[in-house]
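Remember, predicted model here, so these are calculated numbers, not experimental data. Every chain is numbered from 1 and lettered A, B, ... according to where its sequence line falls, protein lines coming before strand lines.
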2 protein chains.
Amino acid sequence: MDAILDTEGKETSATHGAYRRLREMILTGELPPGQKLKIEQLRKLLNTGASPVREALSLLTSDMLVERIDQRGFKAAPVSKCNFEEILLLRCNLEETALRASIVNADATWEDRLVLRHHHMKRAGQNGSHDFEDAHKAFHLALLDNSKLPLLLRYCSQLYDLNIRYRYLAAGGSSYKKRNIAAEHQLIMDAAFDRDADAATRHLIDHYCRTGEYLSSQMGS
Amino acid sequence: MDAILDTEGKETSATHGAYRRLREMILTGELPPGQKLKIEQLRKLLNTGASPVREALSLLTSDMLVERIDQRGFKAAPVSKCNFEEILLLRCNLEETALRASIVNADATWEDRLVLRHHHMKRAGQNGSHDFEDAHKAFHLALLDNSKLPLLLRYCSQLYDLNIRYRYLAAGGSSYKKRNIAAEHQLIMDAAFDRDADAATRHLIDHYCRTGEYLSSQMGS
DNA sequence: ATGTCAAATAATATCGATATTCTTGGAGAT
DNA sequence: ATCTCCAAGAATATCGATATTATTTGACAT
């Protein structure tokens, strides 16, 4: 049930299918923050039983995308400027740690993975928002996953998702792209290839803080 | 279902009760790492239905105390030296961030809470292991919770629990106490009272690294 | 003897229904 | 008019049973 990487679109179990679908709906804002999530309602919507829905919601609780109110059901996690700023803070902290560790372990296969992810992201970026978001996440996680620190990666992945939610909520998920994101990614990757941890982390954090400022300015709702 | 603070021993729902009990059993090693967790078996042990057990296990998955194998049930999370070292690394990183933020927000009510927790810990330390562990965690989280960063606190609490598990596994949970732990706690707290963030974090990290070295030396199994 | 396949067994995942629990709306009292 | 309390309604939490899926056992062929 890890959110780090989906090996394939195997919707084997009903629980897993419900998990993926609900996750998507919360991330994109289709289920707005703070909304009550009624079992019966979701059961019909997802065309499945109550047990898989309950279990999927329990799983999403761990991802901090759903809150459980004891004896009173579930609701989509609320949003706030405060929460957003904490996410940004933690991401900067944790991703710096992960990126530095990745660079320490740098080798040719890692570079290959990065080049590939970067290429996929550029391709996907041309058409639409959804594929791009997936590729964007894959690229960023590829930057970090050479750290070989699974717990840290899990946290980074979780925080990434919490953050992307704000992007969708603020601007439909793609309008921030007017900035030259591609160039920023290139800078990070090049620094990683040079094994220049300081430069790489600086560019990465810049990347996040700029997006952060943009989103912060859009907030208020 | 937060693990940060249990307001009271309200075992309102069967799910929550199963969660608490299973969590306890995994932390203390009563359910050993890697062990298959069969629903039927736990259902009888906890004297409840299958649904609460399943849901409790889902919740524990978020805490990284249980692993889910798709379509093949659950098992207690495995342990490894690698995992232990990552936990230590992340704790040092995250708790430093949290403690510094706590000190920035320092005020009289925080000091009061600390004094109280410290006192409770000293009292509990005299009799036995279990009460002491609870008080010890409460003290450490009290050091951090003035940061007012709920996500960060959640991670710290999670990592604390993952770590305590190694303590129980390595030494039955209390033998490391021969070191003068009380003095180390006093140092951290005093530095916090002095608003000396550098000294406080130094003492805190020392505290963890010493315990870490001790446990590392005990590992191998 | 060994490897492979199929049936039997055991466990999980899911469903439908019931018992609890919370919420809402209204009647009565102050 | 406002507050409190009670009853009706809605939603959750839980149970017991079934269908689905993995694992093991044993027979057969090589």
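- Across the interface with DNA chain C, nearest-nucleotide mapping of A:Arg43 and B:Lys38 shows B:Lys38 to be the residue nearer the 5′ end.
- When the C1' atom of C:dT12 is taken as reference, atom CD1 of B:Ile69 falls 11 Å away, rounded to whole Å.
- Between A:Arg72 and D:dA11 there is no side-chain N or O to OP1 or OP2 distance below 4.0 Å.
- Residue-level contact check: A:Leu37 touches the backbone only, with heavy atoms under 4.0 Å from sugar-phosphate atoms and none from bases.
- Nearest nucleotide to the A:Arg54 side chain, out of D:dT23, C:dA11, D:dA13: D:dA13.
- Atom-to-atom, NE2 of B:His16 to P of C:dT21 comes out at 16 Å; the value is rounded to the nearest Å.
- Within the structure, a side-chain polar atom (N or O) of B:Thr15 is placed less than 4.0 Å from OP1 or OP2 of D:dT14.
- Rounded to a whole Å, the CG atom of A:Leu57 is 10 Å from the P atom of D:dT12.
- Judged by a 6.0 Å distance limit and a 45° cone about the ring axis, B:Arg91 is positioned over the six-membered ring of B:Tyr208.
- Rounded to whole Å, the distance from CG on B:Asp70 to P on C:dA11 is 19 Å.
- Closest contact between the side chain of B:Ser13 and the listed nucleotides D:dT14, C:dT14, D:dA22 involves D:dT14.
- In this structure, of C:dA13, C:dC15, D:dC15, it is D:dC15 that holds the atom nearest to the side chain of B:Thr48.
- Across every non-hydrogen atom of B:Ile103 and B:Ala192, the tightest pair is CD1-CA, 4.2 Å.
- Look at NZ on A:Lys36: it is 12 Å from P on C:dC22, rounded to the nearest Å.
- In this entry the distance linking CD of A:Glu55 with P of C:dA13 reads 7 Å, nearest Å.
- When the C1' atom of C:dT21 is taken as reference, atom CD1 of A:Ile39 falls 15 Å away, rounded to whole Å.
- Atoms CD (B:Glu40) and P (D:dT21) sit 21 Å apart, rounded to a whole Å.
- Taking a cutoff of 4.0 Å between a charged side-chain nitrogen and a carboxylate oxygen, B:Arg68 and A:Glu55 qualify as a salt bridge.
- To the nearest 0.5 Å, atom CG of residue B:Asp112 and atom CZ of residue B:Arg117 are 12.5 Å apart.
- In summary, B:Glu86 and A:Lys148 do not engage in a salt bridge, as defined by a charged side-chain N under 4.0 Å from a carboxylate O.
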